Structures are given as structure tokens and as C-alpha cells.
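Owing to the predicted nature of the structure, the values given are computational and were not obtained by experimental measurement. Counting starts at 1 for both ligands and their atoms, following the listed order. Just so you know, residue 1 is the first one in the sequence shown, and it goes up from there.
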Amino acid sequence: MRLLDGKALAATITERLADEIEAFKAAHAVVPGLAVVLVGDDPASHAYVKMKESACKRAGVYSVVHKFPEDTPHDRIRQTVEMINDNPNLHGLLVQLPLPGHMDTLDLIDRIAPSKDVDGFHPFNFGKLFAGLETFAPCTPLGVMRLLEEYDIDPKGKDAVVVGASNIVGKPMAALLLNAGATVDICHIFTRDLAEHTQKADIVLVGVGKPGLITADMIREGAVVIDIGINRLEDGRLVGDVDYEAVAPKCSAITPVPGGVGPMTIAMLLQNTLAAARNFVTKPDA
Ligand code: GUN
């Protein structure tokens, strides 16, 4: 069984990006800039945003976080998004999700300039992704593809099952796998018999936020298992959605949690931010 070490790979990618960013700054006298909008007190969101900020610092990306209290009116956030859209020093913009319940998430995502949408959540970029065109792909699924590539796991011709159909993870994950030539099932909360799907898969990818959802009997001998879930147990431990101890011995390769997909997400955010800054200098009207 191979352990897919996202932490080590993300560190290597970040080092390489830091060099590229330095060269980009020297060539264009432009510092890649990322704006993050964070609303409310969700501790996980605050932790993720801190990790994003420190990764930017390590790689030489300028970052600014706009923090707002939970009860901020929707229009205030909309104005902030529009202000960042118009700021030429900020090339990437993301709104940390989930937003408080009174906000219209899709409306806010729709307001992000597609050229700054480093999360790849805007419907324009989402559509391009599904059409197989070059665009910003969401960072978590993009990180999974990079991890598979690094370990020479080619999805072409494989049966892949994506468990979870969110706009952030499941749907773009399925699109990237499909674009790479896999046959893809997408399972979700209404799927009648989840095990029936996962048992036949060469690659199982799961991101729903349910510890222990994927058990050993649901996985074929020799399968590749990618755990995109992240859950904090009552005893403080971080675990994924896969019963790791039981499943790992059956796999040909598996990602740990933590240290698997999570660090790759942040590395891909840096990569997308550099790409946004590059587009800004080469295609300023895009
Ligand atoms: N919340 C959980 N994952 C993500 C992500 O990749 N981007 C944003 N904006 N919010 C998230």
C-alpha cells in the first residue's frame, strides 16, 4: 500500500511556486495579490484562512483578509467583492465558505470577476471546466488530480466513484476525472446503495464530512482511495470520511487525513493566484 503524501508534495510545489513568483515579480514588477473574504465565526473557516494567509507569505504572494461579523448584511459583502474586483493590485479573490445562513452564496459567487475567481466557483469557470476548456479549477479537486499524477495513477479508462456532489468538491472532481478519461459515478445523499458503487471502483474519492462512512467491505482489493473529508472528533482528533485503519490494508494507495488532500488544496490556491496574476499582465482586458 502506498501512502499518498500530500503534505510533502504540497511543500515541494510551494517551494517551486515561490521561485516562479520571485521570477514573475522581477520580470513584471507586479506582486501577485490574493483577497479573502471571511464572514462570521466558524472556527474551521478561520483556521483555513489562516493557513491560506501563511502559505501566501511563504510563497511571496501579497494577501489581504476582509473579516466581517456574522450579522453583516448581504449587500455589504457584495460591495466588498465588487471593490476587490476593481482593485488592480488584487489578482485573486475568494469568499470563504460556508457563509452565514442569511446570505445568498450563489449571488456572491456570481459577483466575483471570473478572471479573479481562483476558487473556480463562478458559473462561467464552472461551465468552462465541464466543457474541458482551460480555466481556474477548484483547488481541492485540482490538488487531488495533481496528487494522482505525481504518483503515476492515471484515471484514463478507470472506474472512479465520487462520493459527495457538492459544488466545491464532488461535481468539479467528477468533471476533472471525466476530462482525464475516467468513467465516473457521482454518489450522494439519495444514492440507494452506496457500497454497490464503491465496491466496483478502481478509484474511490470521498468528501462528505462523515467520519467512518467508507468501511473496508465497501472497497475492492487494490483500489485507490482518496479521502477528501475532514472532521474533528469530540476527542479533538482530525479524521477523514474513510475508516483508515481498516481500509488502508486493502488499498494499492490511500491518502492520510491530515496530510493528504488538505495541503494540496492550499498549494493549488497559490498556483491559481499566480495564474491569475499572469493573466493580468498578459491579458489585461480578460
Ligand atoms: N470552504 C471549504 N473549502 C473551501 C474552498 O476551497 N474555498 C472556499 N472559498 N471555501 C471553502
For Asp107 and His74, which I'm curious about, is there any donor-acceptor pair between the side chains at under 3.5 Å?
yes
Under-4.0 Å salt bridge between Lys7 and Asp5
no
Any chance the side chains of Arg76 and Thr80 put a donor and an acceptor closer than 3.5 Å?
yes
Should the ring pair Phe126 and Phe130 be called parallel, tilted or perpendicular, given that the plane angle runs from 0 to 90° and is split at 30 and 60?
tilted
Spatial distance of atom CG (Asp243) from atom CD1 (Ile214) [nearest 0.5 Å]:
10.0 Å
What are the atom names and distances for all N or O pairs under 3.5 Å between ligand 1 and the protein?
unit_1	atom_1	unit_2	atom_2	d
ligand 1	1 (N)	Gln96	NE2	3.4
ligand 1	1 (N)	Leu97	O	2.8
ligand 1	7 (N)	Asp119	OD1	3.3
ligand 1	7 (N)	Asp119	OD2	3.1
ligand 1	9 (N)	Val95	O	2.8
ligand 1	9 (N)	Asp119	OD2	2.6
ligand 1	10 (N)	Gln96	NE2	3.4
ligand 1	10 (N)	Leu97	N	3.0

Does Glu221 use its side chain to pair, donor to acceptor, with the backbone of Cys251 at less than 3.5 Å?
no
